[in-house]
Amino acid sequence: MGRLSLYAFHLFLISLILHFFGLIKLFFEPLLFNELFFYGLILDFIFLSALIIDLAVPTVFFPSKKPFKFKPINNLQISIGMTAYNDEKAIGNSVKQFKELKEVVSVTVIDNNCIDNTASEAVKNGAKVTKEPVQGYGAACMRALKEARKTGNLICLVEGDMTFSASDLKKLTAYIENTDMVLGTRTTAEIIDSDSQVTWFMRYGNLFIAKLLQLRFWDKVRLTDVGCTFRIIRPEALDKIIDKLHVTGHYFSPHMILVALENDLKVIEVPVTLKKRVGESKGVGDDALKGLITGSKMWWMILMH
Ligand SMILES: Nc1nc2c(ncn2[C@@H]2O[C@H](COP(=O)(O)OP(=O)(O)OP(=O)(O)O)[C@@H](O)[C@H]2O)c(=O)[nH]1
Ligand SMILES: [Mg+2]
């Protein structure tokens, strides 16, 4: 379920192009029959039919009867896995802000072949440091999840670049009693810094890819962001998916969401704040071109998965 409307949506995108050129043609040749418009309408019709079959029929005729989950975690013990790649300017305060929370039992910084003082700054501020030799954001995230799994009763993945705030952890934990994984979303303009990396292009880009992913799992989730590292997951839920995660590059984040949904984990998003990055961005940051490339890879992955 979901695949049909996801693929049909691409026909709708083609129809938009046909309508556009149809309009141009209409301007120069005001004929009664415009074949570009006509073919566009056929594609629209296919898309709408796919949507109805895929989304409406199961919801109306076969509504899910699964009982609502309510599994509070008593005595929260959160284990933090923090990614770092030459982040000596930010890592100290990133560790400190999480260490100050009483629910946090450990902070493990993943040193992804850093050549600066990231490791010593992290240790100085009370973190454990583990080296991940495979280069890449995804490789660092997977290692962070595995390391954080070793202690506590809740796992948190976050970047050590001061973009995220430890005080937002309570927003994420508020929903964990009903779900298996809580994702942050950075597309809530009201609570992100105006000089953060999420520009309007990044916001709408993330929103677009998130909606593509949502089309695939329409009855399971509502998504508005695909690149937010800040997330929490129950240990038993992570055990179900950890061996199925394999993306080492920048598009790890939607890959993990996809695998979680495919394995029937209950996933919810909550808005988190976002601040300007401390230190140099090595990922997408606010670079529109890098965003476009990473977004295209995410798009392809969602289609091919
Ligand atoms: N880009 C990148 N980041 C890595 C790598 N290894 C670990 N990281 C960490 O992964 C996080 C993401 O990298 P950032 O430089 O913050 O990228 P970003 O500006 O947040 O861009 P986004 O991809 O949009 O999140 C940071 O905590 C990095 O330190 C790596 O090989 N490449
Ligand atoms: Mg970052």
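Scope of the values below: all heavy atoms of this structure, side chains included, with no hydrogens, waters or symmetry mates. When a ligand or atom number is given, it counts from 1 through the structure's own listing order. If you read the sequence from its start, that first residue is 1, and numbering goes on from there.
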Between D239 and R234, is there a salt bridge with N-O shorter than 4.0 Å?
-> no
Answer with side chain, backbone, both or neither: which part of M82 has a heavy atom less than 4.0 angstrom from an atom of ligand 1?
-> neither
Is Q135 close to ligand 1, meaning an N/O of one under 3.5 Å from an N/O of the other?
-> yes
W299-H10 aromatic ring centre distance below 6.0 Å = yes
Numbered in order shown, the ligand 1 atoms found under 4.0 Å of a heavy atom of G160 are 27 (O)
Could you pull out the closest heavy-atom pair between V104 and V107, with the gap in Å?
-> CG1-CG2, 3.9 Å
Of T294, I110, D161, V284, which has the heavy atom at the shortest distance from atom 23 (O) of ligand 1?
-> V284
What protein heavy atom sits nearest atom 5 (C) of ligand 1, and how far away is it?
-> N112 OD1, 3.3 Å
Near G136 (heavy-atom distance under 4.0 Å), the atoms of ligand 1 are 5 (C), 6 (N), 30 (C), 31 (O)
Numbering the atoms of ligand 1 from 1, which are under 4.0 Å from a heavy atom of G285?
-> 18 (P), 19 (O), 21 (O), 24 (O)
Looking only at side chains, do T273 and D168 share a donor and an acceptor under 3.5 Å apart?
-> yes
For ligand 1, does H250 get within less than 4.0 Å through its side chain, its backbone, both, or neither, judged by non-hydrogen atoms?
-> side chain
Closest heavy-atom contact between D44 and F12?
-> OD1-CD1, 3.5 Å
Should the heavy atoms of other residues, nucleotides or ligands under 6.0 Å from CZ of F21 be counted, would the total exceed 12?
-> no
Identify the protein heavy atom lying closest to atom 24 (O) of ligand 1, giving its residue, its atom name and the separation to 0.1 Å.
-> Q197 NE2, 3.2 Å
To which protein heavy atom is atom 25 (O) of ligand 1 closest, and what is the distance rounded to 0.1 Å?
-> E159 OE2, 3.3 Å
Around atom 15 (O) of ligand 1, find the nearest protein heavy atom and jot down its residue, atom name and distance.
-> K282 N, 2.7 Å
Side-chain donor or acceptor of D286 paired with backbone N/O of T199 under 3.5 Å = no
Would you kindly specify which portion of A84 sits under 4.0 Å from ligand 1, judged on non-hydrogen atoms: side chain, backbone, both or neither?
-> backbone
heavy-atom search around atom 19 (O) of ligand 1 in the protein gives S281 OG, 2.8 Å
Nitrogen or oxygen atoms of G283 and ligand 1 under 3.5 Å apart = yes
Answer yes or no: is there an ion pair linking D161 with R277, defined by an N-O contact shorter than 4.0 Å?
-> yes
What pair of heavy atoms forms the shortest contact from S167 to K170, and how long is it?
-> O-NZ, 2.8 Å
Atom 14 (P) of ligand 1 - nearest protein heavy atom and its distance | R277 NH2, 3.5 Å
What protein heavy atom sits nearest atom 28 (C) of ligand 1, and how far away is it?
-> D87 OD2, 3.7 Å
Is any NZ, NE, NH1 or NH2 atom of the basic residue among K244 and E262 found under 4.0 Å from an Asp or Glu carboxylate oxygen of the other?
-> no
Identified side chain to side chain contact (heavy atoms under 4.5 Å, CB included) partner of C114 from the options N117, T118, I110 | T118
To the nearest 0.1 Å, how far is atom 26 (C) of ligand 1 from its closest protein heavy atom, and which atom is that?
-> T83 OG1, 3.7 Å
How wide is the angle at the Mg ion (ligand 2) between OD2 in D161 and OE1 in E159, to the nearest 10°?
-> 90°
